[in-house]
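Written out below as structure tokens is the structure these notes cover.
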Amino acid sequence: MRSRPSVLIMLLMVAALVLSACAPSAAPSVAPAADSAAAPAAGDGPIELRIAWWGSQNRHDRTIAVIEQFEQLYPNIDVVFEFAGWADYWTLMSTQAAGGNLPDVMQQDYARLEEWVSRGLLAPLDDYVADGTFDFSNVSESSLAGGRLGGKLYGVNLGTNSMMIVIDADKLAEAGMEIPNPDWTFSEFEQVATELHEKLGIYGFSGALSNEQLWKNVYLSLGQWVYSEDGTALGYEDDQPFIDYLNMVKRLQDAGVTQTREQELATGGGSVETDLIVTGRSAMTFLWSNQIVALANAAGEGRNFILLPMPRPEGGASANYLKPSMFFSITSQARHPKEAAMFIDFFTNNIEANETLMAERGVPISSEVRTALEPMLDVSQKQMFDYIASIESSVSPIPPPDVAGHADVINNVYWPLAIDPFLFGQISVEEAMRIFRAEANAVLAETAR
Amino acid sequence: MSTATTTTAERAAVHTSAHSLWRNKAVRTVFYHLMVAGFGIVMLYPILWLFASSFKGRAEIWTNVSSLIPQQFTLENYVNGWRGFGGISFTTFYANSFIYAGIGTLLAVLASALVAYGFARIQFSGRRFWFACMLATLMLPVQVQIIPQYIVFSQLGWINTFYPLLLPRIGGQAFFIFMIMQFIRGIPRDLDEAAEMDGCGRGGIFFRIILPQITPALITAAIFSFYWTWEDFLTPLIYLNAPRLYTVSLALRAFADPSGTTDWGAIFAMSSLSLAPVFAIFVFFQRFLVEGISTTGLKG
Amino acid sequence: MSEALSAPAQAPSASHKGRPVRRRKASFRHDNLMGYLFISPWLIAFFAFTFIPIIASFLLAFTNYDVLNPSWGWVGLQNFERMFTRDPRYIKALQATFFYAFMAIPLRLIFALAIAMLLNTNRRMVSGYRAAYYAPSIVGGSVAIAVMWREIFGRDGLVNAILGADIAWLGNPNTAIWTLIILAVWQFGSPMLIFLAGLKQIPREFYEAAAIDGANGWQQFWRITLPLLTPIIFFNLVMQLISGFMVFTQAFIITGGAPLDTTLFYALYLYQRAFVSLQMGYASAMAWVLLAIIAIMTALVFRSSSYWVFYGSQEE
């Protein structure tokens with residue numbers, strides 16, 4: 001009495017399972033059929049090109065407008081696109097990569113390029129350079145270099161960026177101080193920041209000086225690099241330069257010249273708009289050059305900013321380099337790599353397209369485009385162009401892209417085990433660097449394996 | 001702080017339940033309203049801040065941050081925000097969100113009620129096991145399920161459709177199933193038995209006895225389900241890749257870029273606006289919570 | 001794990017002690033057909049949509065799968081070993097999560113119950129009050145709330161203004177997690193609403209009868225309200241426990257785990273490992289350990305339930 005119904009139920013269950021299992025296996029056979037019907041027609045029929053990027057409303061608007069221009073020029077290409085905010089974008093792209101479903105063109109980041117190339121997810125673009133799909137005749141090699149890995153081009157730079165110190169010109173004048181020398185050292189920087197603080201009673205500098213970008217800058221300026229060539233270990237032997245730097249940061253924090261790490265964490269939303277320089281509570285900050293536009297927007301009318309290169313260690317070379325703000329790459333899962341290359345070329349070289357984009361991703365790499373945009377720039381955009389032009393000849397050569405274990409080193413070692421414990425006064429700077437070296441090397445060795 | 005509210009709560013309990021008229025009723029009423037309204041304003045402060053910020057102009061949004069009153073009242077943020085991205089406006093995003101949250105809620109609540117009845121009132125082999133499995137599905141972080149699930153759904157060719165969002169709802173949702181179960185188990189069995197003697201089958205008992213009794217639970221489930229679906233951005237992010245399919249919560253997240261220009265005004269405006277449907281659903285449905293059991297009992 | 005799976009089943013069984021006696025009545029009869037019929041929607045959805053991802057994540061826990069790389073290998077128990085022996089952040093994540101769970105869950109429940117009692121009345125304006133108290137819970141985890149919370153607990157924010165202090169609430173290792181706990185308590189709307197629905201389900205006649213017997217409000221609360229509400233308290237406790245241990249969004253959008261990993265909640269760390277460090281295998285292993293932890297905690301609550309949860313359906 002009790003067992004019979006349950007056997008029946010089990011049978012029903014199995015049937016239900018089989019049925020539900022059948023549905024999945026039946027459906028995909030339909031989908032590819034539809035695809036294969038479309039594929040042969042690709043030669044003359046409409047081609048569907050997929051493009052993905054991250055950004056904010058401004059970038060989405062401009063990019064979509066350029067896509068429409070591209071579609072007008074090539075009526076047989078139908079561009080479908082997807083966009084998201086920064087964090088969501090990488091979640092989405094990782095998922096699509098795992099599902100073998102990446103778009104044809106994806107926006108890439110210098111910090112992630114190696115990670116994606118080493119997994120064979122991006123296609124080299126050299127063939128399309130050779131066959132003339134890409135026209136780089138107005139592009140200097142230094143602008144392209146960032147996209148090269150192992151001698152092959154994996155990404156086309158969408159705009160040139162460099163780090164900079166932004167000084168509130170009016171605060172500087174108010175303190176009766178001179179504009180510092182563009183090749184200033186850390187000790188000069190410390191002096192300027194301290195003086196601003198003491199004279200004005202505000203922060204001399206906003207904060208975030210312990211950011212890993214500054215760690216990179218220190219060694220770049222000394223002609224070294226933070227990672228070894230093969231990416232299996234740290235690339236420098238001497239911790240002292242960075243120890244000196246961190247000691248300076250701590251001095252500035254303790255003296256109230258910059259926010260303490262604690263205050264930094266409480267203020268920053270990771271957004272340019274929340275920087276203390278916006279409200280005039282700080283006289284200096286550091287940003288990427290394209291962020292001056294956002295800063296000027298948030299600060300409002302009637303503000304004046306001076307842009308200076310990053311300070312360097314005593315006796316070092318320039319701590320700046322020209323970084324590709326982001327790339328367009330063609331994925332190895334792309335269905336239409338040729339059309340993808342055509343699109344990227346259009347994005348790079350077409351004047352009308354760039355008049356729409358208005359250097360939102362950084363200073364365009366094509367000299368012809370730069371010249372065409374020059375008269376249309378607003379004040380902060382012009383500052384960005386001029387800043388890049390002014391440092392172009394003196395910058396250090398671009399360091400190699402971040403190694404595959406970089407994100408791991410920064411998130412799991414740099415901040416939690418070394419920098420924060422030091423800045424919160426839990427360990428000495430020497431101890432912090434000893435831990436950092438040991439743990440970072442362990443992570444890098446493991447990732448490379 | 002919590003002790004203070006507990007005492008008030010107790011007084012309220014006294015008040016609700018006791019139909020005896022206490023001498024100082026007027027005093028108590030005034031005290032109640034002062035207390036509840038006062039604390040309500042504290043609760044609402046952050047939301048008021050959000051609304052205030054959404055009416056501030058570009059120039060003051062980050063320079064006049066803590067003020068609740070915009071120096072210059074502007075609707076610019078709403079206009080800019082609603083515009084959306086490249087011609088795809090929030091009209092589209094709202095339509096998508098209503099599809100997802102509307103159908104999703106309907107499916108989830110109805111299915112959950114059925115399943116809950118099965119678990120709560122019927123004795124069958126394997127019940128403990130399946131119930132434990134159901135609870136366990138709540139305990140595994142979704143982050144590690146995304147990719148396998150994506151692979152399954154993309155093999156089915158369901159990317160850029162609402163299927164991956166809605167079809168899993170046909171089984172109800174564990175949270176609501178368990179919740180409704182608890183409500184069903186609070187109902188005395190005499191009612192079921194009386195109905196059975198009147199010749200009702202399982203289905204009859206469920207529809208005529210149980211459903212009316214658990215109306216407050218169903219309404220509560222509907223309110224939550226709608227809100228949780230409305231604010232869910234992860235599933236739409238993964239499966240609705242075409243911008244014309246984006247939901248409001250997903251579109252909101254496409255405004256901010258830490259490395260570039262972010263129109264925070266538009267974010268505040270659209271965030272404020274996105275609360276409206278959820279709030280409206282709450283206000284509409286919570287009226288039914290006021291009626292209480294005596295009314296629903298009559299319907300049964 | 002097996003204990004965890006069987007233990008929650010205590011609750012359903014609790015109402016069915018002494019089955020033989022009740023067998024004559026339909027409502028207690030063993031009925032496989034109807035049972036499986038009613039739960040079939042869930043079973044179908046479970047096997048069609050959740051079963052495969054769950055099994056997959058379990059298997060991945062024993063691999064070094066990294067999302068992007070199609071070639072991955074089995075690593076046995078290495079992921080689990082690493083978690084407990086070679087990952088200092090993992091221990092911090094456990095600490096933060098347990099602290100949060102044991103602080104936020106009771107506070108939230110007490111708060112929710114108190115306010116629900118307060119609003120369980122037919123006074124004028126009560127709809128408006130309910131809306132006001134529920135409203136914070138619908139701002140959820142949007143981008144705006146991160147800014148909003150930073151603003152309130154910021155250095156020029158409301159909290160410092162009231163206290164006349166300059167404290168970096170979100171940056172101080174001692175206070176940061178409390179701001180997230182306060183946020184959780186502030187968003188107490190969902191347990192409150194469930195309590196409210198539970199209060200509504202208590203038949204009014206009970207109170208009327210008690211009043212006739214001369215019980216005062218305090219006695220009514222302890223003798224009627226609280227006992228009859230125990231199934232709902234039990235439900236809220238279990239659900240808050242599960243969601244408390246899986247807390248993610250607030251830390252993800254507001255603190256990112258800082259300062260000094262004091263708000264590095266388990267699910268946040270797991271996400272970082274999965275999607276930032278691209279160690280999905282390791283993250284999967286972490287996920288299954290979390291499941292085990294939550295299952296054990298839940299099982300304990302279920303075990304205890306037979307001592308303090310009273311079901312109307314149990315009364316004979």
Side-chain angles (χ1 to χ4, degrees), chain B residues 2 5-6 9 12-14 16-18 36 40 43-44 46-47 50 66 111 114-115 117-118 122-125 128 131-132 135 137-141 143-145 148-149 152 168 170-172 179 182 185-186 188-189 192-193 196 202 216-217 220 227 231 256 271 275 278 283 286 292-294, chain C residues 5 8-9 12 25-27 30-32 34-35 38-39 41-42 45 49-50 52-53 56-57 110 114 117-118 120-121 129-136 138 140 142-144 148 156 193-194 197 200-201 203-204 207 217 220-221 231 235 242 267 270-271 274 283-284 287 291 294 311-313:
Chain B
S2 63
T5 43
T6 320
V14 169
T16 330
S17 48
V36 175
M43 292 293 293
L44 279 179
I47 296 170
L50 178 67
S66 45
L114 272 175
V115 176
Y117 177 73
I122 306 173
Q123 177 75 341
F124 57 90
S125 331
R128 297 170 178 200
F131 180 74
L135 271 195
T137 58
L138 285 176
M139 302 174 193
L140 191 67
Q143 286 90 348
V144 297
Q145 299 178 52
Q149 197 166 50
V152 171
I170 59 165
M179 186 179 96
Q182 291 305 93
R185 290 157 80 185
R189 285 193 188 250
D192 301 36
E193 280 150 22
E196 199 198 358
R202 285 281 181 198
T220 313
Y227 165 57
E231 78 153 1
S271 297
L275 301 181
V278 187
V283 170
Q286 71 95 30
I293 197 74
S294 48
Chain C
L5 278 178
K25 291 172 185 169
S27 51
H30 199 91
D31 191 344
N32 281 335
M34 289 315 279
F38 270 95
I39 71 160
W42 180 77
F49 304 116
T50 26
I52 296 171
S57 80
I110 291 168
M117 304 273 306
L118 207 57
N120 182 33
T121 157
Y129 294 148
R130 281 185 194 168
Y133 283 87
Y134 183 72
I138 60 170
S142 66
V143 194
M148 198 161 87
D156 310 317
L193 215 53
I194 297 171
K200 285 297 170 202
Q201 213 195 16
R204 195 161 293 163
Y207 292 111
Q220 287 180 15
F221 173 75
F235 168 79
I242 293 175
L270 183 152
Y271 167 83
S284 300
L291 183 138
I294 300 175
Y311 292 105
S313 52

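Nothing here was measured: the structure is a model prediction, and the numbers come from that model. Per chain, numbering begins at 1; letters A, B, ... match sequence-line order. Atoms considered below: every heavy atom in the structure, side chains included; atoms not considered: hydrogens, waters and symmetry mates.
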Please look at C:Ile194 and chain B and tell me whether the side chain, the backbone, both or neither of the residue comes under 4.5 angstrom of a heavy atom of that chain.
both
Looking at C:Ala274, C:Ala267, C:Ala56, C:Ser284, which makes the most heavy-atom pairs under 4.5 Å with chain B?
C:Ser284
Could you tell me which of B:Pro168, B:Gly118, B:Gly172, B:Ala256 has the largest number of non-hydrogen atom pairs under 4.5 Å with chain C?
B:Pro168
Does any heavy atom of chain B fall under 4.5 Å from the side chain of C:Ile294, the backbone, both, or neither of them?
both
With a 4.5 Å cut-off on side-chain heavy atoms, are B:Phe124 and C:Asp31 touching?
no
Please report the interatomic distance OG(B:Ser271) to CG(B:Leu50), rounded to the nearest 0.5 Å.
6.0 Å
Contact check, side chains of B:Leu135 and B:Leu138, non-hydrogen atoms, under 4.5 Å:
yes
Counting heavy-atom pairs under 4.5 angstrom with chain B, the leader among C:Ala45, C:Ala283, C:Ala287 is C:Ala287
Please identify, among B:Ala111, B:Gly40, B:Pro141, the residue contributing the most non-hydrogen atom pairs under 4.5 Å to chain C.
B:Pro141
All heavy atoms of C:Tyr134 vs all of C:Leu193, minimum pair found to be CE1-CD2, 3.9 Å
Answer yes or no: is there a side-chain heavy-atom contact under 4.5 Å between C:Tyr129 and C:Leu118?
no
